[in-house]
Amino acid sequence: MAADDLIPVEGVVTEVFAGGAFLVATEAGTNVHAHLSGKLRKHRIRVVLGDKVTVELTPYDLTKGRITYRHK
């Protein structure tokens, strides 16, 4: 799958799980189970409860995604 197939969605972190997993409430009203991307882990960017983030979803499963950006 190419990078242009991914669907970027903005949302707010509503729950934090162990191992870098999060539950993100999107603007469309759905909940997405997301994990941190490699760049966020590499640069040790902290994502906490209530942060506004950008999640990339695949067109195959819209309930799972990857957090790629934390808004300031």
Taking only residues at least two apart or on different chains, which pairs with a member in [range] satisfy salt bridge (Lys or Arg N to Asp or Glu O under 4.0 Å)?
range          : value
residues 60-72 : Asp51-Arg70, Glu56-Arg66
residues 6-16  : Glu10-Lys52
residues 35-45 : none

Determine all donor-acceptor pairs shorter than 3.5 Å in which one atom belongs to a side chain in residues 16-29; sequence neighbours excluded.
{"residue": "Thr26", "atom": "OG1", "partner": "Thr30", "partner atom": "N", "Å": "3.2"}
{"residue": "Thr26", "atom": "OG1", "partner": "Thr30", "partner atom": "O", "Å": "3.1"}
{"residue": "Thr26", "atom": "OG1", "partner": "Thr30", "partner atom": "OG1", "Å": "2.8"}

Restricting to non-hydrogen atoms, name the atom on [X] and the atom on [Y] that form the minimum distance, rounded to 0.1 Å.
X     : Y     : value
Pro59 : Ile7  : CA-CD1, 4.2 Å
Val47 : Leu36 : CG2-CD2, 3.8 Å
Leu57 : Leu62 : CD1-O, 4.0 Å

Holding to ring pair (Phe, Tyr, Trp, His ring centres under 6.0 Å), I want the full list of residues that pass it with His71, two or more places apart in sequence or in another chain. Tyr69
N/O donor-acceptor pair under 3.5 Å between Thr68 side chain and Val55 backbone: no
Is there a side-chain contact between Thr54 and Val9, using heavy atoms and a 4.5 Å cut-off? no
